[in-house]
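The structure appears below as structure tokens.
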Amino acid sequence: MDAWFGKKKRKPGGALVLYTTRHGATQRYAERIAEPLDALVKDAAYMSGEKAKSYDAIVVGCCVYEGRVRGLEFLQRNAQELSGRRLVVYTCGVNDPQEEQVRAALDAQVREALGDAAAQAAVFHLRGAIRWRSLGVLEQVKMRIWMKELRAKSVRTPTEELLLSAEGGGIDFSDEADLAPIVHAARFGKEAEV
């Protein structure tokens with residue numbers, strides 16, 4: 001029936017790309033990652049471990065919201081079923097993962113969530129986007145408070161400066177060039193050279 005609606009029916013094996021998104025950047029990355037892999041793309045909330053285990057490679061995109069990695073729940077619930085698969089995890093948030101504190105916090109959350117499976121997973125941290133007009137009322141209030149705190153700081157990170165300059169509008173840090181190593185890890189595994 002999917003063929004009638006222009007969707008290709010995918011056979012078990014191959015790659016599966018899951019995502020959890022708050023404002024769409026993690027989903028956009030997931031869709032771009034899936035293209036060269038000819039992978040099925042799904043919101044992680046609608047995928048079971050039982051179905052996922054029929055895929056050879058599983059890519060899970062997790063959004064970072066208020067400093068917390070969201071979307072690791074799928075991996076926590078299904079660690080047993082996913083054992084032995086090529087597992088790739090990427091996070092997507094506004095803060096720069098090249099900053100040591102940011103990267104360390106993200107790595108710690110991913111390691112904690114994956115437990116023993118962390119050793120087999122290839123983990124990447126990407127930058128996302130923020131658009132003030134897409135924020136809900138509570139989120140806008142939180143952003144105003146955060147911007148006020150940033151303006152009060154005497155020393156700011158480059159990301160904080162960019163966020164202040166884009167206040168009320170939007171800023172997009174996403175870069176599709178960052179996706180090639182993720183696609184490579186999904187195809188060949190964590191240890192394969194790029």
State, yes or no, whether a side-chain contact exists between [X] and [Y] at a heavy-atom distance under 4.5 Å.
X: V41; Y: Y19; result: yes
X: F124; Y: D178; result: no
X: L16; Y: M47; result: yes
X: Q109; Y: T91; result: no
X: I182; Y: V59; result: yes
X: V89; Y: L114; result: yes
X: P36; Y: R187; result: yes

### Other ILVMFWY residues reachable from V141 by side-chain steps of under 4.5 Å
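Members other than V141 - counting any ILVMFWY side chain reachable under 4.5 Å - are I145.
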
Gap separating the [atom1] atom of [X] from the [atom2] atom of [Y], nearest 0.5 angstrom:
X: R144; Y: E149; atom1: CZ; atom2: CD; answer: 14.0 Å
X: C62; Y: R22; atom1: SG; atom2: CZ; answer: 14.5 Å
X: Y55; Y: L82; atom1: OH; atom2: CG; answer: 12.5 Å
X: R32; Y: E176; atom1: CZ; atom2: CD; answer: 5.0 Å

Below 3.5 Å, can you tabulate the donor-acceptor pairs from side chains in residues 92-106 to any protein atom, sequence neighbours excluded?
unit_1 : atom_1 : unit_2 : atom_2 : d
D96    : OD1    : Q98    : N      : 2.9
R103   : NH1    : P97    : O      : 3.2

Nearest non-hydrogen partners of [X] and [Y], listed with the distance:
X: A57; Y: A186; value: CB-O, 3.2 Å
X: R28; Y: S174; value: NH2-OG, 4.3 Å
X: A39; Y: V17; value: CB-CG2, 3.8 Å
X: L164; Y: M147; value: CD2-O, 3.7 Å
X: H125; Y: D107; value: NE2-OD1, 2.6 Å

### Query
Can any side-chain N or O of R127 pair as donor or acceptor with the backbone N or O of D175 at less than 3.5 Å?
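It does not hold such a pair.
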
### Task
Could you tell me whether the side chain of Q120 and the main chain of A117 form a donor-acceptor pair under 3.5 Å?
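Not a single qualifying donor-acceptor pair exists.
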
### Query
Should we count NZ of K153 as having more than 12 external heavy atoms under 6.0 Å?
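Counting neighbours around NZ of K153, more than 12 heavy atoms of other residues, nucleotides or ligands fall under 6.0 Å, so yes.
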
Review item, side-chain donor-acceptor pairs of residues 67-78, under 3.5 Å, at least two apart:
unit_1 : atom_1 : unit_2 : atom_2 : d
E73    : OE1    : G71    : N      : 3.0
N78    : OD1    : G49    : N      : 3.3
N78    : ND2    : F74    : O      : 2.8

#### Entry: Salt bridge present between E66 and K142 (N-O < 4.0 angstrom)
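Salt bridge: yes.
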
#### Entry: Short N-O contact, R151 and E167, less than 4.0 angstrom
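Yes.
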
### Message
Using the rule that Ile, Leu, Val, Met, Phe, Trp and Tyr join whenever any side-chain heavy atoms are under 4.5 Å apart, tell me whether L126 and Y65 fall into a single cluster.
### Response
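Hydrophobic grouping puts L126 apart from Y65.
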
#### Entry: The single option from V110, T26, L179, V123 passing side-chain contact (heavy atoms from CB on, under 4.5 Å) against Y90
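Considering V110, T26, L179, V123, a side-chain contact (heavy atoms from CB on, under 4.5 Å) with Y90 is found only for T26.
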
